[in-house]
J.: 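Take a look at the following structure, please.
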Amino acid sequence: MSAVTTTTAVAAPAAAELPQVRRRRRLSPGRRLPAARLAGPLLVLALWAAASAAGALDPGAVPAPWTVLRTAGRLWTDGTLPTDVLTSLRRAAYGFAIGLTAGVLLALASGLSRTGEALIDGTVQLNRAVPTLGLIPLFILWLGIGETFKIAIIAIVVYVPVYLNAHAALSGIDTRYVELAEVQGLSRAAFVRQVVIPGALPGFFVGLRLAVTGSWLGLVVLEQINATNGLGYLMFQAQNYGQTDVILVGLLIYGVFGLASDSVVRLLERRVLSWRRTLSS
């Protein structure tokens with residue numbers, strides 16, 4: 001009996017000295033919530049509706065959501081809104097396509113060649129330092145007040161972030177990959193296809209998202225300058241007549257376009273870069 005007691009007494013301190021297994025803390029953000037990006041806008045919409053219903057907002061300054069919805073329905077029925085929406089989409093699409101192409105080509109020429117970098121990078125950095133919207137008077141004198149100058153300004157707004165982020169991604173490729181490609185005897189085309197493009201894609205998508213947002217920001221300003229149609233023109237005319245509900249219709253449509261286009265770019269990024277393991281994925 002005493003031996004059992006002694007053994008138990010010896011084992012007790014030994015067990016107490018064993019390190020306790022600590023539970024590992026979860027540091028990742030967790031699983032992605034469904035439709036998480038809509039939670040914020042829906043919360044703002046709910047607060048707006050609640051404040052309007054409670055009479056906390058002046059209807060003349062900030063109309064209720066249902067008033068804005070009725071106005072949008074009226075504008076759509078009489079054919080004004082569809083025409084302006086299609087015009088704005090066409091301008092944004094043309095300017096975005098031109099700016100995206102120019103940004104990618106210039107980034108490749110500058111990032112893959114020291115001569116190209118010497119000729120291109122300084123010029124783009126100078127262009128970046130000049131406010132793009134400040135070029136509007138000059139472009140009107142050069143290109144007139146038609147569609148051409150609007151598309152040109154949107155293209156400039158788009159190509160700058162695309163170039164900057166793609167060029168930074170190209171410059172940041174590890175030189176060890178370059179040395180490995182040289183050892184493997186890859187051709188210039190194979191090197192660009194297998195090393196350069198995959199390495200630059202993450203930075204390119206960052207620039208693409210900034211460019212998509214910039215195209216809408218530039219459009220809303222341009223369509224209020226010597227325009228006869230488009231969402232910006234609709235909002236400018238509504239300002240002259242004090243139609244706050246029409247202005248809010250235009251702003252909401254711009255917001256929906258911006259959120260939808262950014263979501264498309266995000267989805268494309270996740271598909272193309274599915275090999276990456278990041279916090280967002």
Side-chain angles (χ1 to χ4, degrees), residues 27-37 89 92-125 127-128 132 154-219 257-281:
L27 300 178
S28 65
R31 297 181 60 183
R32 182 182 297 275
L33 300 177
R37 301 193 68 210
L89 287 175
Y94 287 160
F96 183 80
I98 295 173
L100 177 61
T101 303
V104 170
L105 293 178
L106 290 175
L108 288 174
S110 177
L112 299 179
S113 169
R114 294 300 183 189
T115 303
E117 185 177 22
L119 295 175
I120 296 172
D121 191 61
T123 306
V124 176
Q125 298 297 337
N127 187 8
R128 181 173 70 113
T132 304
I154 294 174
I156 293 176
V157 171
V158 168
Y159 102 89
V160 171
V162 171
Y163 169 85
L164 291 176
N165 287 275
H167 179 266
L170 290 171
S171 302
I173 294 177
D174 198 325
T175 55
R176 290 175 295 180
Y177 296 137
V178 181
E179 295 171 357
L180 180 61
E182 292 173 347
V183 171
Q184 294 294 324
L186 294 181
S187 64
R188 186 73 170 178
F191 170 69
V192 172
R193 185 177 63 254
Q194 299 178 21
V195 178
V196 172
I197 293 180
L201 278 177
F204 165 74
F205 276 108
V206 174
L208 188 61
R209 290 183 60 194
L210 293 174
V212 168
T213 305
S215 65
W216 295 115
L217 294 177
L219 183 65
F257 283 166
L259 182 62
S261 55
D262 184 71
S263 299
V264 170
V265 175
R266 279 173 172 256
L267 178 61
L268 181 63
E269 180 182 12
R270 286 200 298 269
R271 294 291 178 86
V272 174
L273 303 180
S274 59
W275 48 269
R276 290 199 311 168
R277 292 295 179 264
T278 61
L279 289 179
S280 62
S281 60

J.: Between P161 and V158, what is the shortest heavy-atom contact and its length?
T.: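 Where P161 meets V158 most closely, the heavy atoms are CD-O, 3.2 Å.
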J.: Are any non-hydrogen side-chain atoms of I156 and N127 less than 4.5 angstrom apart?
T.: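 Of all side-chain heavy-atom pairs linking N127 with I156, at least one is under 4.5 Å.
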J.: Minimum heavy-atom separation for P202 and L273, please, with both atom names.
T.: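 For P202 and L273, the tightest heavy-atom pair comes out as CA-CD1, 3.9 Å.
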J.: State whether the side chain of S171 and the backbone N or O of A168 hold a donor-acceptor pair below 3.5 Å, judged by distance alone.
T.: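 No, the answer is negative, given that no donor and acceptor are paired below the 3.5 Å cut-off.
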J.: Supply the atom-to-atom distance L164 CG to Y159 OH, rounded to the nearest 0.5 angstrom.
T.: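 L164 CG to Y159 OH: 8.5 Å, rounded to 0.5 Å.
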J.: Tell me, with the steps shown, if I154 and L219 meet side-chain contact (heavy atoms from CB on, under 4.5 Å).
T.: CA-CA 7 Å; I154 294 174; L219 183 65; 3.8 Å; yes
J.: Kindly give the heavy-atom pair with the smallest separation between G214 and V157, and that separation in Å.
T.: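 Smallest interatomic distance, heavy atoms only, reads O-CG1, 3.3 Å.
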J.: Could you measure the distance from the CZ atom of R209 to the CG atom of N165? Nearest 0.5 Å is fine.
T.: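 Here the rounded value is 11.0 Å.
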J.: Distance-only check: which donor-acceptor pairs under 3.5 Å involve side-chain atoms of residues 92-119, not counting sequence neighbours?
T.:
| from | atom 1 | to | atom 2 | distance (Å) |
| --- | --- | --- | --- | --- |
| T101 | OG1 | A97 | O | 2.9 |
| S110 | OG | Y163 | OH | 3.0 |
| S110 | OG | H167 | NE2 | 3.2 |
| S113 | OG | T115 | N | 3.3 |
| S113 | OG | G116 | N | 3.2 |
| R114 | NH1 | E117 | OE1 | 3.2 |

J.: Please walk me through it: do I197 and F204 pass side-chain contact (heavy atoms from CB on, under 4.5 Å)?
T.: CA-CA 9 Å; I197 293 180; F204 165 74; over 6 Å; no
J.: Rounded to the nearest 0.5 Å, what separation is found between the CG atom of D262 and the CG atom of L267?
T.: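 So the CG of D262 and the CG of L267 are separated by 11.5 Å.
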